[in-house]
Amino acid sequence: MILDREYLRKNFSSFNKRIKLDLRFKNIQSIQINAFNVVKKLLNLFLSNNQLSTLDKYIFNELEKLVRLEISNNQLSTLDKETYNGIKN
């Protein structure tokens with residue numbers, strides 16, 4: 001599955017007010033660069049136990065309020081040091 005903002009809009013009610021997003025075990029293989037711009041107030045993001053092999057270095061730029069990110073148990077071998085630049089906390 002490709003995670004994009006349309007998926008988030010269709011599957012998560014009140015996405016603008018959501019502070020926690022649990023996407024564990026969703027078989028996500030990739031995330032579109034603008035997927036998270038519909039959940040900018042997100043504090044907690046759980047992406048563990050998917051099929052992610054890469055993350056774009058700008059993927060979290062919209063998530064300035066994010067305080068918790070879980071990405072364990074994916075197929076990530078390396079992360080660019082700029083991947084977390086958008087996260088202020």
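None of the values given here were measured: they were computed from a predicted structure. All residue numbers refer to positions in the sequence shown, counting from 1. The analysis underlying the following values was restricted to heavy atoms, covering all of them including side chains, and did not include hydrogens, waters or symmetry mates.
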d(Phe60 CZ, Leu42 CG) to nearest 0.5 Å is 10.0 Å
I need the Ile33 CD1 to Glu62 CD distance, nearest 0.5 Å. 9.0 Å
Rounded distance (nearest 0.5 Å) linking atom CD1 of Ile19 with atom CG of Leu66: 11.5 Å
Does some side-chain heavy atom of Leu8 sit less than 4.5 Å from a side-chain heavy atom of Phe36? yes
Can you name the residues that form a salt bridge (Lys or Arg N to Asp or Glu O under 4.0 Å) with Lys57, not counting sequence neighbours? Glu82
Side chain Asn34, main chain Asn37, donor-acceptor under 3.5 Å: no
Would you say the side chains of Asn49 and Asn73 form a donor-acceptor pair under 3.5 Å? yes
Roughly how far apart are Leu43 CG and Leu21 CG, rounded to 0.5 Å? 11.5 Å
Kindly list each side-chain donor-acceptor pair under 3.5 angstrom involving residues 23-30, sequence neighbours excluded, with atom names and distances?
residue: Arg24; atom: NE; partner: Asp22; partner atom: OD1; Å: 2.8
residue: Arg24; atom: NE; partner: Asp22; partner atom: OD2; Å: 3.2
residue: Arg24; atom: NH2; partner: Asp22; partner atom: OD2; Å: 2.5

Could you pull out all residues at least two apart from Asp56 that satisfy salt bridge (Lys or Arg N to Asp or Glu O under 4.0 Å)? none
Any residue meeting side-chain hydrogen bond (donor to acceptor under 3.5 Å, both in side chains) with Ser53, in chain and number order, not counting sequence neighbours: none
Does any pair with a residue in residues 70-80 pass salt bridge (Lys or Arg N to Asp or Glu O under 4.0 Å), and if so which ones, sequence neighbours excluded? Arg68-Glu70
When you compare the side chain of Leu3 with that of Asn50, does any pair of heavy atoms fall below 4.5 Å? no
Test of understanding: with side-chain hydrogen bond (donor to acceptor under 3.5 Å, both in side chains), list the residues that count as partners of Glu6, not counting sequence neighbours. Arg9
Using side-chain heavy atoms (C-beta onward) and a distance below 4.5 Å, is Lys40 in contact with Glu64? no
Between CG of Leu52 and CG of Asn74, what distance do you get to the nearest 0.5 Å? 4.0 Å
So which heavy atom on Phe46 is nearest to which on Asn44, and how close? CE1-CB, 3.8 Å
State the CG-CD1 distance between Leu45 and Ile71, to the nearest 0.5 angstrom. 9.5 Å
With distance as the sole test, does Asn61 use its side chain to make a donor-acceptor pair with the main-chain N or O of Ile59 at under 3.5 Å? no
